[in-house]
Amino acid sequence: VLLRPKRSTLNSRSEVNLEREITFVNSGATWKGVPIMSTNMDTIGNFDMYRSLSKYKMLTCFHKYVPNIPHEFDPNYYIISTGITDRDLERLSDQIEHLRSGGVEPKFICVDVANGYMTKLKDFCLNLRSLYPNVTIIAGNVVTREIVEELILNAKVDVVKVGIGSGSVCTTRLLTGVGMPQLSAVMECSDAAHGVGGMIISDGGICYPGDVSKAFGGGADFVMIGSMLAGHSECPGELIEEEGKKYKLFYGMSSDTAMNKYHGGVASYRSSEGKTVKVPYKGSVENTMNNILGGVRSTCTYVGASRLKDLNKCATFVRVNRQVNTFYK
Ligand code: 5GP
């Protein structure tokens with residue numbers, strides 16, 4: 001799809017406001033910032049990424065194995081991740097205790113499982129809500145409306161993370177045949193979430209700045225990015241040099257690489273659902289961020305949205321059989 005341009009009274013992209021002010025339905029907390037975030041993969045979501053993205057008032061979703069978060073970090077711009085096992089809850093409680101010992105109250109927790117349809121996710125979120133009533137809870141991943149409503153209304157989640165099989169290093173669709181087209185999922189799930197006062201994050205499949213605009217245009221409140229942020233100096237991991245070229249490693253959190261690192265191998269009852277790739281080194285992430293923000297601002301001027309919040313209302317999609325001219329490959 002492409003976004004149809006519309007008459008606009010905006011004269012410059014500098015007139016576009018990319019910040020949003022949000023009050024969350026179940027935590028009651030408020031937040032102000034640019035609603036774009038880095039993924040909680042361990043090749044992306046670390047402290048150096050926070051240091052760069054927070055300058056843009058964007059969020060960094062830390063991966064669940066990060067060490068103690070420095071007390072001077074602003075909790076408005078980071079998210080603590082967790083899985084749903086007892087060990088995960090222990091690790092999360094330790095992190096929160098550490099933050100509180102420095103007088104810091106965490107603002108966001110992301111409960112992240114590959115398959116958000118498991119009943120255990122709902123139980124885990126309800127328990128979290130009773131333990132931390134004022135924290136904003138993000139949970140996923142799912143791709144259909146009924147579970148979005150269930151998570152917000154009955155599991156007291158504030159923001160639902162949407163996307164199954166759309167990630168760049170994801171092999172779920174090939175391995176299981178399961179998935180939903182990302183933009184369709186965003187449209188369906190945002191409609192469901194907004195109907196009950198909640199919000200969604202579009203997670204996976206962002207390859208170009210225009211994709212961020214399309215996600216917001218489709219109704220996403222937040223956009224989460226992995227591969228576009230990979231390969232930068234802020235990303236954890238060694239710089240690999242081969243034949244004069246520099247690379248960084250990027251791999252799925254369900255890949256052999258991640259499972260060998262954290263679980264001592266792939267358990268016999270499961271298989272790898274992620275790829276491992278070498279990404280050409282791209283320097284500082286700030287160049288990429290400027291590119292993304294410039295792109296989204298430009299979209300807003302094309303469709304007449306003076307605030308990012310209005311992009312959804314101003315967006316009309318046109319279905320195409322080709323998005324770009326490939327004459328010069
Ligand atoms: P990207 O922005 O790279 O297209 O997508 C990033 C998203 O891919 C992550 O936020 C996460 O939801 C998903 N993801 C990360 N690792 C894996 C994996 O190993 N398997 C699958 N199926 N998805 C993954």
Side-chain angles (χ1 to χ4, degrees), residues 1-23 30-39 52-60 76-77 159 162-163 166 181-191 193-194 199-229 232 282-328:
V1 297
L2 291 170
L3 286 159
R4 200 170 169 279
K6 290 179 184 171
R7 197 164 184 161
S8 162
T9 53
L10 293 164
N11 292 314
S12 152
R13 49 188 91 169
S14 64
E15 293 171 24
V16 175
N17 180 6
L18 293 185
E19 281 187 32
R20 279 197 66 180
E21 208 167 341
I22 289 168
T23 302
T30 55
W31 178 82
K32 195 172 174 202
V34 175
I36 298 176
M37 62 178 75
S38 64
T39 178
S52 288
L53 296 193
S54 59
K55 291 184 206 157
Y56 294 85
K57 298 190 176 180
M58 283 183 212
L59 289 144
T60 298
N76 278 300
Y77 301 119
V159 186
V162 173
S166 53
Q182 186 63 13
L183 186 66
S184 308
V186 163
M187 287 173 161
E188 175 175 325
C189 294
S190 60
D191 179 58
H194 298 161
M199 306 216 148
I200 69 149
I201 300 174
S202 174
D203 172 26
I206 300 295
C207 304
Y208 301 98
D211 298 332
V212 177
S213 301
K214 288 174 187 175
F216 284 127
D221 302 284
F222 294 86
V223 176
M224 180 176 257
I225 306 178
S227 58
M228 264 199 92
L229 301 181
H232 292 96
K282 302 176 193 158
S284 169
V285 78
E286 296 190 12
N287 303 327
T288 302
M289 276 342 298
N290 290 334
N291 216 9
I292 292 175
L293 295 182
V296 178
R297 276 201 192 92
S298 191
T299 308
C300 288
T301 56
Y302 270 115
V303 302
S306 60
R307 305 176 298 174
L308 184 60
K309 188 172 192 282
D310 298 335
L311 186 47
N312 178 225
K313 263 186 286 179
C314 297
T316 303
F317 287 103
V318 52
R319 197 168 187 167
V320 294
N321 59 12
R322 210 188 245 187
Q323 296 191 78
V324 287
N325 183 334
T326 55
F327 186 67
Y328 295 111

Nearest heavy atoms of [X] and [Y], plus distance in Å:
| X | Y | value |
| --- | --- | --- |
| Val186 | Ala215 | CG1-O, 3.8 Å |
| Gly218 | Leu183 | CA-CD1, 4.2 Å |
| Gly295 | Pro209 | CA-CB, 4.3 Å |
| Gln182 | Gly204 | CG-O, 3.7 Å |
| Thr301 | Leu10 | CA-CD1, 3.9 Å |

Working to the nearest 0.5 angstrom, can you tell me the gap between [X] [atom1] and [Y] [atom2]?
| X | Y | atom1 | atom2 | answer |
| --- | --- | --- | --- | --- |
| Ile200 | Ser190 | CD1 | OG | 4.5 Å |
| Cys314 | Arg7 | SG | CZ | 14.5 Å |
| Asp211 | Ser213 | CG | OG | 8.5 Å |
| Leu308 | Asn17 | CG | CG | 8.0 Å |
| Ser38 | Leu59 | OG | CG | 8.5 Å |
| Ser12 | Arg297 | OG | CZ | 9.0 Å |

Please check if the number of heavy atoms outside [X] that lie under 6.0 Å from its [atom1] is greater than 12.
| X | atom1 | value |
| --- | --- | --- |
| Tyr208 | OH | no |
| Tyr56 | OH | yes |
| Arg13 | CZ | no |
| Lys57 | NZ | no |

Can you tell if the side chain of [X] reaches within under 4.5 Å of the side chain of [Y], non-hydrogen atoms only?
| X | Y | value |
| --- | --- | --- |
| Val162 | Ile201 | no |
| Val212 | Ile225 | yes |
| Phe317 | Leu3 | yes |
| Leu229 | Met289 | yes |
| Val16 | Thr299 | no |
| Val1 | Lys214 | yes |
| Met228 | Lys282 | no |
| Arg20 | Lys32 | no |

Please work out which of the three classes, parallel, tilted or perpendicular, describes the rings of Trp31 and Phe222, given edges at 30° and 60°. tilted
If we ignore angles and hydrogens, is there a donor and acceptor under 3.5 Å between the side chains of [X] and [Y]?
| X | Y | answer |
| --- | --- | --- |
| Glu21 | Thr30 | no |
| Thr316 | Lys6 | yes |
| Asp221 | His194 | yes |
| His232 | Ser284 | no |

Taking side chain to side chain contact (heavy atoms under 4.5 Å, CB included) as the criterion, tell me which of Ile206, Leu53, Leu18, Ile292 meets it with Ile36. Ile292
Please evaluate residues Thr60 and Met37 with respect to the criterion side chain to side chain contact (heavy atoms under 4.5 Å, CB included), reporting the C-alpha separation (whole Å), side-chain torsions for both, the decisive distance (0.1 Å), and the verdict. CA-CA 5 Å; Thr60 298; Met37 62 178 75; over 6 Å; no
Main-chain N/O of Gly217 paired to Asn312 side chain as donor or acceptor, under 3.5 Å: yes
